[in-house]
Participant: 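This is the structure I have questions about; it appears just below.
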Amino acid sequence: MSLSEKIFNAGVVGAGGAGFPAYVKAKSKVEFVLANGAECEPLIHKDYELMLHFPKEISKGFELLIESTSAKKGYFGIKEKNTKAISAIGQHLNGKTELTKLGDFYPSGDEFELVYAATGRLIPPAGIPLDIGCVVNNVETLYNIALAEKNNPVTKKFICAAGAVKNPSSFFVPVGTSFKDVFEFAGGSKVKDYGVFVGGVMMGKLTFDLEEVVTKTTAGLIVLPNDHYLIKRKNQPEQNWHRIGKSACDQCSYCTEFCPRYLLGYQEPHKVMRSLGFTKTGSAVWNQMADLCCSCGLCTLYACPEDLYPKEACDKAKTEMREAGIKFGQQKPVKVHPIKDGRRVPLKQLIMKLKLQDYDVEAPFNSKNIPVGKVKIPLQQHIGKPARAIVKAGEVVEAGQLIGKISDNELGANFHSSINGKVTRVTEKFILIEA
Ligand code: SF4
Ligand code: SF4
């Protein structure tokens, strides 16, 4: 069986982003394979801990992918400050691979940034790394690829619990574990009323629902008290973001000046904000410039002097353009801005601006097993089609057993039970299993 078939069977999806099914990348033929160990979301340190404790598996997955794609070279992107991880990973890399040491800036982990830093190539506007002969995988995805090669499916997720929890730490949890169980394992919250940023404060979403569950793409859960600046900033009706922007944006263009995609030669977010002035907020007419935004959040949370929401305007524009079938065709050639290196945002400075200094601590690996009484496994945790349940309520299942299946000709991912137990509920959206 080929590596891509094993990855397909194991249900591996990108563990560091939107959850793109990993078998597709393993099937392609490219020049370069890139490992993304940049990890730049404030307070999240799980990739660092994974590289420190599982360098052999990550390097194996990297090697397997280089082989299956017939790549001539691999680049391992990792921050220069993470010397222990560099030395752990460095011991396992072979002659076909090179370390790409990155500065401690946000967002060094954006794949457009990483591909440019490693290869000097620029991904075409609205393109993907494959367009210029590259594939990029997060380090946890590579870890899962190494396990898939030995026919082990994805049943666990490596996550970081950080912020106002008693023991900030990184650990494996069964896919489908509730946030409540995760926080109990991390010693509980230090504050009474709090919200949770799922996936990070810059790019993640805010929730107050502790019954939500960890999926194959959940990188970190950051607890912050309800009166924290970031919770107040995010916890507003969506319409307000755009109404305020319509009346208050003075087109100073700071959002563009700091935008990493603009500095690489792509879009200008202040033009997306400008479109607010000409439309009713919430209307489907948005500036197509948004199509090249990576949703890093720098414009909203770092650059804008008026605390407006250009990232959210870009997000909304992208969604509505997708629904309307509009694609942006950038006319000007992509050319890196001469000031790019001088305008990068140091992570420490970003953390200060976000008022997160008090939570900026390590999140060491905890190897203990988290006690979990039940899991709720969503049938769509990835880009593509949802899987179909192949078990019924009342069935007894074992950890690793296939419970949700995707057809061979569909883009998607299989799902496996993450614990031993009994299926108690099956819907089109999820499968509930109790130990
Ligand atoms: S930085 Fe803020 S005020 Fe300036 S153009 Fe961008 S959204 Fe408008
Ligand atoms: S979120 Fe803002 S800063 Fe980031 S890429 Fe999009 S427009 Fe640029």
Side-chain angles (χ1 to χ4, degrees), residues 17-18 38 40-42 105-117 122-129 197 199-206 230 233-234 236 238-279 281 286-322 328 330 332 334-337 339-347 349-350 353-354:
C40 44
E41 267 280 354
F105 301 110
Y106 183 85
S108 326
D110 171 31
E111 60 183 13
F112 279 53
E113 287 277 344
L114 181 63
V115 166
Y116 176 64
L122 288 165
I123 298 171
I128 54 172
F197 279 95
V201 294
M202 296 300 288
M203 297 185 72
K205 66 159 197 164
L206 173 65
L230 287 172
R233 188 98 158 76
K234 188 92 176 180
Q236 295 205 28
E238 192 186 311
Q239 267 191 335
N240 285 10
W241 301 340
H242 310 311
R243 266 200 210 116
I244 299 166
K246 184 178 169 78
S247 62
C249 174
D250 61 8
Q251 288 290 287
C252 70
S253 85
Y254 274 27
C255 49
T256 290
E257 296 301 330
F258 278 100
C259 172
R261 288 288 174 96
Y262 166 72
L263 293 167
L264 270 178
Y266 306 97
Q267 60 144 25
E268 296 159 285
H270 73 281
K271 291 190 178 163
V272 180
M273 291 302 284
R274 190 184 297 168
S275 73
L276 284 176
F278 299 109
T279 63
T281 47
W286 291 77
N287 196 301
Q288 297 172 32
M289 281 276 174
D291 213 19
L292 304 174
C293 157
C294 66
S295 299
C296 73
L298 264 190
C299 49
T300 294
L301 291 172
Y302 186 82
C304 180
E306 298 188 41
D307 273 359
L308 303 182
Y309 295 86
K311 179 231 177 212
E312 287 70 14
C314 289
D315 284 348
K316 186 143 173 75
K318 279 184 279 183
T319 308
E320 289 181 350
M321 283 193 295
R322 233 186 340 264
F328 176 55
Q330 177 164 323
K332 63 171 189 175
V334 186
K335 190 165 166 248
V336 177
H337 198 295
I339 201 146
K340 175 177 165 34
D341 284 342
R343 213 176 272 154
R344 307 203 70 190
V345 175
L347 193 63
Q349 206 166 308
L350 178 63
K353 169 91 181 177
L354 300 175

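Values below: all heavy atoms of this structure, side chains included; hydrogens, waters and symmetry mates excluded. This structure is a prediction, so every number in the text was calculated from the model and none was measured. In listed order, ligands and their atoms are each counted from 1.
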Participant: Measuring from L347:CG to C40:SG, what's the distance to the nearest 0.5 Å?
Facilitator: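 Taking CG in L347 and SG in C40, the distance rounds to 7.0 Å.
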Participant: Return the residue, atom name and 0.1 Å-rounded distance of the protein heavy atom closest to atom 3 (S) of ligand 1.
Facilitator: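 Minimum-distance protein heavy atom for atom 3 (S) of ligand 1 reads D250 OD1, 3.5 Å.
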Participant: Of all the non-hydrogen atoms in the protein, which one sits nearest to atom 2 (Fe) of ligand 1, and at what distance?
Facilitator: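 Ranked first by proximity to atom 2 (Fe) of ligand 1 is C304 SG, 2.4 Å.
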Participant: Checking S108 side chain against A38 main chain: does a donor-acceptor pair fall under 3.5 Å?
Facilitator: no
Participant: Which atoms of ligand 1 have any heavy atom of E306 under 4.0 Å away?
Facilitator: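 Result: 3 (S).
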Participant: Which ligand 1 atoms are under 4.0 Å away from a heavy-atom of M273?
Facilitator: 7 (S)
Participant: Nearest 0.5 Å please: distance from the SG atom of C299 over to the CD atom of E312.
Facilitator: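 The SG atom of C299 sits 7.5 Å away from the CD atom of E312.
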Participant: Anything protein N/O/S under 2.8 Å from atom 2 (Fe) of ligand 2? Just list residue and atom, please.
Facilitator: C299 SG
Participant: Before accepting this row, confirm whether a basic side-chain N of the pair E268/R274 lies closer than 4.0 Å to the acidic partner's carboxylate O.
Facilitator: no
Participant: Answer yes or no: is there a donor N or O on one side and an acceptor on the other, between the side chain of S275 and the main chain of V272, under 3.5 Å?
Facilitator: yes
Participant: First locate atom OH of Y106, then atom CG of L301, and finally report the distance between them rounded to the nearest 0.5 Å.
Facilitator: 8.5 Å
Participant: With rounding to the nearest 0.5 Å, note down the distance linking CD1 in I123 to CG in L292.
Facilitator: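 Separation between the atoms: 11.0 Å.
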Participant: Tell me whether S253 contacts the main-chain N or O of H270 through its side chain, where contact means a donor paired with an acceptor under 3.5 Å.
Facilitator: no
Participant: Hey, which atoms in ligand 1 end up nearer than 4.0 Å to a heavy atom of H270?
Facilitator: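 In order of number, 5 (S).
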Participant: Only heavy atoms of P260, strictly under 4.0 Å: list the atoms of ligand 2 that pass.
Facilitator: 3 (S)
Participant: Rounded at 0.5 Å granularity, tell me how far CD1 in I244 sits from CG in L308.
Facilitator: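 Answer rounded to 0.5 Å: 7.5 Å.
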Participant: Quick check for you: to the nearest 0.5 Å, what is the distance between L298 atom CG and R344 atom CZ?
Facilitator: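 Result: 10.5 Å between the selected atoms.
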Participant: Can a non-hydrogen atom of P305 be found less than 4.0 Å from any atom of ligand 1?
Facilitator: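 P305: in contact with ligand 1 (<4.0 Å).
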Participant: Identify which of C249, A313, C252 has a heavy atom lying nearest to atom 8 (Fe) of ligand 1.
Facilitator: C249
Participant: Using 30° and 60° as the class boundaries, would you call the ring planes of W241 and Y309 parallel, tilted or perpendicular?
Facilitator: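 Answer is parallel, since the angle falls under 30°.
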Participant: Tell me the protein heavy atom at minimum distance from atom 7 (S) of ligand 2, and give that distance in Å.
Facilitator: Q267 NE2, 3.0 Å
Participant: Give the residue, atom name and distance (to 0.1 Å) of the protein heavy atom nearest atom 5 (S) of ligand 1.
Facilitator: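 Answer for atom 5 (S) of ligand 1: S253 N, 3.3 Å.
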